[in-house]
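Each remark here refers to the structure printed beneath this line.
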Amino acid sequence: MHALSELPAWERLFKRIVWQQMGEICGKRILDFGSGEGITADRFAANNEVIAVEPSEAMLANAWKDNKYEQIVGDVSSLSKMPDSSFDMIICHNVLEYIDDKKQVINELSRLLKTGGILSLVKHNRAGRVMQMAVLLDDFDKANALLDGKDGSSSQFGAIRYYDDDDISKWDVRLRLIDTFGIRTFWDLQQNQEKHNDEDWQLKMVQLESRVSKMQEYRDIAFFHHLVFVKE
């Protein structure tokens, strides 16, 4: 059995926060689009029927499969084969930034979601990235480029094509935003790397992050935003 302790400290904290924000989910049919190594899919498969879609076979080579779920190797084209209103919940975490036609993906996810169903979407927050470049990485050129509206970059996935929180409902009017959370507001500002792996410190940081996740002044500078939509 896999354990969160196997993950890098930053990812362990990220998962704890976003899973806490999602809450306990049981007896639902869930699609995890862009499931990566299947860590989230595996967790929710313990009490739900989960279908995971991921294009990277390299990531799937290390997939977590402690619980039974269906894994599809594919991209947005795989969604077109699925019938309308197939899922109670759809998870799309840190995926759209790396896709050119975001509207197409959102339209497909909305089509697959049942009326009253929930879309959990995590995205990069540009303001948080500017903070990272200016304060942590001392890269003023990249900070200014981001402020000018330029894309960011990820060493693993390439260009980060930012979009605004309210773009989703513009791309598909059936999706209504019902909640917005910040993720990783303080984590990266703590530069004592030894503390990051300390379990007690991690839990205290999760508690603090949770306290401010819905306070606008902190949410605005968080590294990620977790958007929750309902399909009407």
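Hydrogens, waters and symmetry mates play no part in the numbers below; they use all other heavy atoms, side chains included. For clarity, every value in this text was computed on a predicted model and none was experimentally measured.
The environment of OH in Y218 is sparse: at most 12 heavy-atom neighbours from other residues, nucleotides or ligands sit within 6.0 Å. At most 12 heavy atoms of other shown residues, nucleotides or ligands fall within 6.0 angstrom of atom CD in E24.
Residues D88 and I118 fail the side-chain proximity criterion, which asks for heavy atoms closer than 4.5 Å. By the 4.5 Å heavy-atom criterion applied to side chains, V53 and V76 are not counted as neighbours.
Counting only residues at least two apart or in different chains, side-chain hydrogen bond (donor to acceptor under 3.5 Å, both in side chains) contacts with residues 92-102 comprise H93-S120, E97-H124, D100-R161. Screening residues 131-148 for side-chain hydrogen bond (donor to acceptor under 3.5 Å, both in side chains), with sequence neighbours left out, gives R129-Q132. Pairs engaging residues 42-65 under the side-chain hydrogen bond (donor to acceptor under 3.5 Å, both in side chains) rule: R29-E49 [sequence neighbours left out].
Taken to the nearest 0.5 Å, the CZ atom of F87 stands 9.5 Å off from the CG atom of L113. Between the CG atom of L109 and the CG atom of L119 there is a distance of 6.5 Å, given to the nearest 0.5 Å.
With ring centers used as reference points, H196 lies 6.0 Å or more from W10. Ring to ring, F181 and F224 are not that close: their centroids are 6.0 angstrom or more apart.
For R111 (side chain) and M82 (main-chain N/O), a donor-acceptor pair under 3.5 Å exists by modelled atom type.
Of the options T40, V50, I51, a side chain to side chain contact (heavy atoms under 4.5 Å, CB included) to I30 is made by V50 and by none of the others.
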Next item on the list: Could you go through the side-chain contact (heavy atoms from CB on, under 4.5 Å) check for F44 and D32 one step at a time?
Entry: CA-CA 10 Å; F44 287 106; D32 188 352; over 6 Å; no
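Remark: K103 engages N107 in a side chain to side chain donor-acceptor pair (under 3.5 Å) (not counting sequence neighbours).
Minimum interatomic distance between Y162 and D151 (heavy atoms only, all atoms of both residues): N-OD1, 4.2 Å.
Side-chain contacts under 4.5 Å among hydrophobic residues (ILVMFWY), followed directly or transitively, place L60 together with V73.
With salt bridges taken as basic N to acidic carboxylate O contacts below 4.0 Å, one links K214 and D179. A salt bridge is defined here as a Lys NZ or Arg NE, NH1 or NH2 lying under 4.0 Å from an Asp or Glu carboxylate O, and E232 with R174 fails to meet this definition.
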Let me check something: any side-chain donor-acceptor pairs from residues 204-212 under 3.5 Å, sequence neighbours excluded? List them with distances.
from: K204; atom 1: NZ; to: D200; atom 2: OD2; distance (Å): 3.3
from: E209; atom 1: OE1; to: R184; atom 2: N; distance (Å): 3.1
from: E209; atom 1: OE1; to: T185; atom 2: N; distance (Å): 2.9
from: E209; atom 1: OE2; to: T185; atom 2: N; distance (Å): 3.0
from: E209; atom 1: OE2; to: F186; atom 2: N; distance (Å): 2.9
from: E209; atom 1: OE2; to: W187; atom 2: N; distance (Å): 3.2
from: S210; atom 1: OG; to: Q20; atom 2: OE1; distance (Å): 2.4
from: S210; atom 1: OG; to: V206; atom 2: O; distance (Å): 2.8

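Cation-pi contact between K123 and Y163: present, with separation from the ring centre below 6.0 Å and deviation from the ring axis of at most 45°.
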